[in-house]
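If you scroll down you'll find the structure; I have some questions about it.
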Amino acid sequence: MVTAMLFAGGVGTRMKSNDLPKQFLVVGGKPIIIRTMEHFAKHKDVDDIVIACKEDWIDYLNELIEKFNVQKVRAVVPGGATGFDSIHNGVVETAKAAKNPDDIILICDGVRPMLSEQLITNCIELTRKYGTAVPVTPSIDSLLYSDDGETCGKSYKRSSMYITQAPQGYTMERILWAHNEAEKRGITNPVSSSELFIELGEEVRLFIGERSNIKVTTPEDLDTLRADYYYRNFKQFAEEMKLSGE
């Protein structure tokens, strides 16, 4: 069994979108969260979807799921005070329907509307093989370390640096162990599931992701998403015109 667990509990302060959480911003007639969900709903190997949503937006999200007829949604649960809390709530809900320890959970931000079918497939296949699978892209920029954001005395070897993406795949046995250990050790707010495993002293399996798989976090990301959407639509229109001979 493969469950996509999306977390969408943030308020999007970096997006500067006033009162509307970034996951509900509309691009090309659809909210970002719906576009993200549809990738998993249409994938043949994904059995169901669980979403951890900002609690006071759950009713609205359910309305959107019905309006856009998104399939495979099993549950929408309240998010938490932090991203990790939201992930934890989603993991707990996913575990309720898990049939065996090798069932797979794909943990993904609700604001990755440009991920591909192949990326999801790769994540599932590698999770089955290794128990964990985290998509990354090699850093193309030099990296400097600074405590104060003003001065720097340390740099990192670019060829060894990678940017994490999502979905991140885990067997239910592995992710439940990690969350139980986090509670025992007082780990309360890792940035991502992969960082939780690393903080617990565990290794995770990496694979190369896709640069186009952006996390829509800033106004610039939103511009990129809109540009991609309108480009794809223009390209499709041009192909149709070419085929029709007009």
Side-chain angles (χ1 to χ4, degrees), residues 1-14 21 23 48-55 58 74-112 123-124 126-137 139 143-149 154 156-157 160-207 209 215 217:
M1 183 175 184
V2 177
T3 299
M5 198 292 288
L6 279 62
F7 57 101
V11 295
T13 54
R14 285 174 287 181
Q23 56 267 28
D48 61 7
I49 299 171
V50 170
I51 308 104
C53 178
K54 197 169 184 297
E55 188 164 12
I58 288 178
R74 178 167 62 79
V76 180
V77 299
T82 66
F84 179 66
D85 288 338
S86 294
I87 292 172
H88 180 75
N89 292 350
V91 167
V92 170
E93 180 62 34
T94 300
K96 292 178 181 179
K99 298 177 181 178
N100 62 66
D102 293 329
D103 283 349
I104 291 172
I105 182 171
L106 304 177
I107 300 175
C108 190
D109 326 86
V111 287
R112 287 194 183 266
C123 193
I124 293 171
L126 290 169
T127 304
R128 283 182 176 142
K129 186 173 182 179
Y130 297 108
T132 64
V134 178
V136 298
T137 55
S139 176
L143 297 172
L144 304 179
Y145 177 83
S146 175
D147 281 321
D148 57 13
K154 184 178 182 180
Y156 291 97
K157 186 179 179 181
S160 300
M161 296 294 106
Y162 295 85
I163 311 300
T164 56
Q165 295 188 330
Q168 297 184 7
Y170 303 94
T171 61
M172 288 306 302
E173 180 179 45
R174 297 293 288 144
I175 196 67
L176 288 172
W177 171 84
H179 279 251
N180 287 334
E181 283 297 306
E183 184 176 1
K184 292 177 184 177
R185 302 187 197 184
I187 300 172
T188 60
N189 196 22
V191 175
S192 69
S193 297
S194 58
E195 292 195 22
L196 170 60
F197 273 85
I198 292 167
E199 193 167 349
L200 291 171
E202 300 291 310
E203 291 185 343
V204 292
R205 185 75 183 192
L206 306 182
F207 69 99
K215 178 182 177 183
T217 304

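Computed from a predicted model, the values in this text were never measured in an experiment.
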Output all residues satisfying side chain to side chain donor-acceptor pair (under 3.5 Å) with S192, sequence neighbours left out; order by chain, then residue number.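 If we apply the side chain to side chain donor-acceptor pair (under 3.5 Å) test to S192, skipping adjacent residues, the hits are S194.
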
Pairs under 3.5 angstrom only: tabulate donor-acceptor contacts from the side chains of residues 97-111 to other protein residues two or more places apart or in another chain.
from, atom 1, to, atom 2, distance (Å)
N100, OD1, D102, N, 2.8
N100, OD1, D103, N, 3.1
N100, ND2, D103, OD1, 3.4
D103, OD1, M1, N, 3.1
D103, OD2, K99, N, 2.5
D103, OD2, N100, N, 3.2
D109, OD1, R112, NE, 2.5

Of all residues at least two apart in sequence or in a different chain, which pass the salt bridge (Lys or Arg N to Asp or Glu O under 4.0 Å) check with E181?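 In terms of salt bridge (Lys or Arg N to Asp or Glu O under 4.0 Å), with neighbours along the sequence ignored, E181 is linked to K184, R185.
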
Between atom CD1 of I51 and atom CE of M5, what is the distance when rounded to the nearest 0.5 Å?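 Rounded to the nearest 0.5 Å, the CD1-CE separation comes to 10.0 Å.
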
Under the side chain to side chain donor-acceptor pair (under 3.5 Å) test, residues paired with E173 that sit two or more places apart: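 If we apply the side chain to side chain donor-acceptor pair (under 3.5 Å) test to E173, skipping adjacent residues, there are no hits.
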
S146: side chain to side chain donor-acceptor pair (under 3.5 Å) partners, not counting sequence neighbours: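 For S146 the side chain to side chain donor-acceptor pair (under 3.5 Å) partners, ignoring immediate neighbours, are D148.
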
Any side-chain heavy-atom pair of V91 and Y170 under 4.5 Å: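 Answer no - side chains too far apart.
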
How close do T137 and G209 get, counting heavy atoms only, and between which atoms?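 Nearest heavy atoms, T137 then G209: CG2-C, 4.1 Å.
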
What's the separation between atom CG in L143 and atom NZ in K157, rounded to the nearest 0.5 Å?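 Reported value, rounded in 0.5 Å steps: 13.0 Å.
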
Which pairs pass ring pair (Phe, Tyr, Trp, His ring centres under 6.0 Å) with one or both residues in residues 85-112, sequence neighbours excluded?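 Sorted result for residues 85-112: H88-H179.
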
Side chain to side chain contact (heavy atoms under 4.5 Å, CB included) between Q168 and F197: does it pass, once the steps are laid out? CA-CA 12 Å; Q168 297 184 7; F197 273 85; over 6 Å; no

Restricting to non-hydrogen atoms, name the atom on P135 and the atom on A166 that form the minimum distance, rounded to 0.1 Å.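 In this case the closest contact between P135 and A166 is CG-N, 3.9 Å.
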
How far apart are the closest heavy atoms of S86 and G80, and which atoms are they?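 Residues S86 and G80, closest heavy atoms: OG-N, 2.9 Å.
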
Going by side chain to side chain contact (heavy atoms under 4.5 Å, CB included), name the residues that satisfy it together with P190, two or more places apart in sequence or in a different chain.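 Listed in chain order: F84, I187, L196, E199.
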
Compile the donor-acceptor pairs under 3.5 Å between side chains in residues 127-134 and protein atoms, sequence neighbours left out, one pair per line.
from, atom 1, to, atom 2, distance (Å)
T127, OG1, C123, O, 2.6
Y130, OH, R205, NH2, 3.2
T132, OG1, R205, N, 2.9

If you compare all heavy atoms of I87 against all heavy atoms of S193, which two are closest, and at what distance to 0.1 Å?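 It is CG2-OG, 4.0 Å.
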
Heavy-atom closest contact (C53 atom, V76 atom, distance):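 Distance-wise, the nearest heavy atoms are CB-CG1, 4.0 Å.
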
A95 versus L176, closest heavy-atom pair with distance: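 Shortest heavy-atom separation between A95 and L176 comes out as CB-CD2, 4.0 Å.
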
Partners passing side chain to side chain donor-acceptor pair (under 3.5 Å) against T94 (at least two apart in sequence or in another chain):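 Result, side chain to side chain donor-acceptor pair (under 3.5 Å) vs T94: none returned.
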
Tell me, which pairs form a salt bridge (charged side-chain N to carboxylate O under 4.0 Å, His left out) where one or both residues lie in residues 85-94, sequence neighbours left out?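 Found R74-E93, E93-K96.
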
